[in-house]
Undergrad: 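What follows is a single structure, and I will ask about it in a moment.
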Amino acid sequence: MKTRITELFGIQHPIIQGGMHYVGFAELAAAVSNAGGLGIITGLTQRTPELLANEIRRCREMTDKPFGVNLTFLPTVTSPDYPGYIKAIIDGGIKAVETAGNNPQKWLPALHEAGVKVIHKCTSVRHSLKAQSIGCDAVSVDGFECGGHPGEDDVPNFILLPRAADELEIPFVASGGMADGRSLVAALALGAEGMNMGTRFIATQEAPVHDNVKQAIVAASELDTRLVMRSLRNTERVLNNSAVERLVEKERRLGASLKFEDIIDEVAGVYPRIMKDGTMDAGAWSCGMVAGLIHDVPTVKELIDRIMAEAESIISGRLARFVAA
Ligand SMILES: Cc1cc2nc3c(=O)[nH]c(=O)nc-3n(C[C@H](O)[C@H](O)[C@H](O)COP(=O)(O)O)c2cc1C
């Protein structure tokens with residue numbers, strides 16, 4: 001399957017693995033790239049640019065296919081060493097960067113000069129158009145269903161993707177709620193040129209996280225996520241658990257006066273305890289509604305091959321029959 005996204009990134013299948021904190025290590029990125037998609041290392045999970053440079057080297061030992069790095073621009077006061085991370089990306093020979101969070105404009109000249117293609121993750125048409133206008137090469141359009149930060153507009157992909165298609169000239173992928181061949185065909189039908197998946201890739205053999213995390217996703221239904229931190233305008237979709245219930249209760253009780261410090265126990269520094277140790281109630285962790293469509297833990301290659309086979313069979317079988325004379 002050839003699309004503007006496969007051409008842009010030099011990949012076989014139009015499937016991207018989105019950056020995921022404490023999940024997007026070299027093992028997963030390499031597995032996705034080896035299976036013909038675009039694997040992505042999560043930059044900020046590596047605490048320093050030196051550690052990111054090392055992670056890029058590790059990934060390169062595991063694959064000779066293109067892979068990328070996610071750089072999330074956080075609205076924090078004490079900023080990570082972004083110039084250092086950009087240098088590690090460029091020196092590491094990376095040609096694809098997924099940016100997310102704040103506007104990446106400041107970093108585009110250096111990245112483009114080094115031949116890096118930039119795909120910016122956006123949760124609205126407005127931000128997608130901005131990304132296009134500052135020179136991003138592609139956009140990842142993240143609908144309200146998505147795991148992680150869906151923004152504050154709450155527009156689901158059935159509306160957001162065709163709206164993006166109507167307005168954008170640069171190619172975009174559908175992100176949020178994508179799981180299988182049906183998702184890919186639907187994304188293409190709505191105007192996207194591929195899809196980005198987060199939660200689905202966590203429930204794979206190669207995802208370097210504790211088995212409890214994979215089993216929690218398999219066990220969850222589409223009703224089991226919650227939105228937290230809305231009043232802080234930092235909305236996050238997470239899997240429900242006892243810490244999340246505590247957090248939601250605090251939000252209800254404190255209302256508009258809620259401060260980040262009030263929920264620090266439930267959200268700060270919890271990822272290693274969940275992803276590495278498998279302590280599932282340690283805090284709030286991102287998970288998409290798509291959990292309801294995830295019932296197994298295949299290898300990444302099995303997953304991607306299955307998606308592509310299903311997508312091709314839907315297009316040339318079921319859909320073709322609807323228009324056959
Ligand atoms: C556990 C987890 C951690 C994530 N961490 C990040 C992150 O650090 N940076 C980022 O840009 N997106 C992050 N995301 C969002 C994903 O890259 C992707 O956009 C999202 O998962 C798509 O929705 P889906 O889960 O329905 O596939 C995370 C998602 C999950 C599930």
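Worth saying up front: this structure is predicted, and the values here are computed from it rather than measured. Numbering of ligands and ligand atoms starts at 1, following listing order.
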Undergrad: For S175, take its heavy atoms, then give the atoms of ligand 1 lying under 4.0 Å from any of them.
TA: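 So the atoms of ligand 1 that pass are 19 (O), 22 (C).
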
Undergrad: Considering only heavy atoms, does V290 approach ligand 1 within less than 4.0 Å through its side chain, its backbone, both, or neither?
TA: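 Side chain only; the backbone of V290 stays clear of ligand 1.
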
Undergrad: Using the salt bridge (Lys or Arg N to Asp or Glu O under 4.0 Å) rule, collect all pairs that involve residues 293-308, keeping only residues at least two apart or in two chains.
TA: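 Residue pairs passing salt bridge (Lys or Arg N to Asp or Glu O under 4.0 Å), neighbours aside: R200-D296, D296-R306, K301-D305.
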
Undergrad: Name the option, out of G18, G147, A100, G198, that contains the heavy atom nearest to atom 15 (C) of ligand 1.
TA: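 Ranked by closest heavy atom to atom 15 (C) of ligand 1, first place is G147.
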
Undergrad: Is a side-chain donor-acceptor pair under 3.5 Å present for S140 with D142?
TA: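 Per modelled atom types, D142 and S140 side chains form no pair under 3.5 Å.
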
Undergrad: With a heavy-atom distance limit of 4.0 Å, tell me whether S286 approaches ligand 1 through its side chain, its backbone, both, or neither.
TA: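 The answer is both, backbone and side chain.
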
Undergrad: Of the listed options (A207, G288, G177), which comes nearest to atom 26 (O) of ligand 1 when hydrogens are ignored and any heavy atom counts?
TA: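 Nearest heavy atom to atom 26 (O) of ligand 1 lies in G177.
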
Undergrad: Answer side chain, backbone, both or neither: which part of C146 comes under 4.0 Å from ligand 1, heavy atoms only.
TA: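 Both parts.
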
Undergrad: Heavy-atom pairs closer than 4.0 Å: do any link ligand 1 to the side chain of L44, the backbone, both, or neither?
TA: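 Neither part.
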
Undergrad: Give the single entry among G148, G19, S183 that approaches atom 6 (C) of ligand 1 most closely by any heavy atom.
TA: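 Considering heavy atoms of G148, G19, S183, the nearest to atom 6 (C) of ligand 1 sits in G19.
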
Undergrad: May I ask you to check if ligand 1 and R200 share an N or O to N or O distance below 3.5 Å?
TA: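 Between R200 and ligand 1, no N or O pair is found under 3.5 Å apart.
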
Undergrad: Using 4.0 Å as the upper bound for N to carboxylate O, is an ion pair formed by D265 and R246?
TA: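 Salt bridge: no.
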
Undergrad: Thinking salt bridges, do R58 and E55 make one under a 4.0 Å N-O criterion?
TA: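 The answer is yes: the pair qualifies as a salt bridge.
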
Undergrad: Does any N or O in the side chain of N196 come within less than 3.5 Å of the main-chain N or O of G18, such that one atom is a donor and the other an acceptor?
TA: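 Present.
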
Undergrad: For M197, counting its heavy atoms only, list the atoms of ligand 1 lying under 4.0 Å from any of them.
TA: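 With M197 as reference, the close atoms of ligand 1 come out as 27 (O).
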
Undergrad: With respect to E98, determine whether any N or O atom, backbone or side chain, lies less than 3.5 Å from an N or O atom of ligand 1.
TA: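 Checking ligand 1 against E98, no N or O pair falls under 3.5 Å apart.
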
Undergrad: Between D137 and H112, is there a side-chain donor-acceptor contact under 3.5 Å, judged purely by atom types and distance?
TA: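 Judged by distance alone, the side chains do pair up.
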
Undergrad: Is it true that D154 and R230 make a salt bridge, defined as a side-chain N closer than 4.0 Å to a carboxylate O?
TA: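 A salt bridge links D154 with R230.
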
Undergrad: What do you reckon, does H21 have a nitrogen or oxygen under 3.5 Å from a nitrogen or oxygen of ligand 1?
TA: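 Checking ligand 1 against H21, an N or O pair does fall under 3.5 Å apart.
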
Undergrad: Judged by atom type as modelled, is there a donor-acceptor pair below 3.5 Å linking the side chain of K95 to the main-chain atoms of A114?
TA: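 Yes; at least one donor-acceptor contact below 3.5 Å.
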
Undergrad: For ligand 1, is any non-hydrogen atom under 4.0 Å from D142's backbone (N, CA, C, O), its side chain (CB onward), both, or neither?
TA: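 It is the side chain that gets close, since no backbone atom is under 4.0 Å.
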
Undergrad: Counting only heavy atoms closer than 4.0 Å, does ligand 1 sit against the backbone of K121, its side chain, both, or neither?
TA: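 For K121, only side-chain atoms sit under 4.0 Å from ligand 1.
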
Undergrad: Calculate, to the nearest 0.5 Å, the distance between atoms OG1 and CZ belonging to T235 and R226 respectively.
TA: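 Separation between the atoms: 15.0 Å.
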
Undergrad: Tell me, which protein residue and heavy-atom name are nearest atom 29 (C) of ligand 1, and how many Å apart are they?
TA: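 Of the protein heavy atoms, M20 CG, 3.6 Å lies nearest.
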
Undergrad: Give me the residue, atom name and distance of the protein heavy atom closest to atom 9 (N) of ligand 1.
TA: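 I find the closest protein heavy atom is T72 OG1, 2.9 Å.
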
Undergrad: Could you note down all residue pairs passing side-chain hydrogen bond (donor to acceptor under 3.5 Å, both in side chains) where residues 14-25 supplies at least one of them, sequence neighbours left out?
TA: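 Every pair satisfying side-chain hydrogen bond (donor to acceptor under 3.5 Å, both in side chains) with a residue in residues 14-25: H21-T45.
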
Undergrad: Sub-3.5 Å donor-acceptor pair from the side chain of D224 to the main-chain atoms of S221, do we have one?
TA: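 Present.
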
Undergrad: Just to confirm my output: which protein heavy-atom neighbour is closest to atom 25 (O) of ligand 1, and how far is it?
TA: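 Looking only at protein heavy atoms, the one closest to atom 25 (O) of ligand 1 is T199 OG1, 2.6 Å.
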
Undergrad: Which of the atoms in ligand 1, numbered in the order shown and given with their element, are less than 4.0 Å from a heavy-atom of N196?
TA: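 Numbered from 1, ligand 1 contributes 18 (C), 19 (O).
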
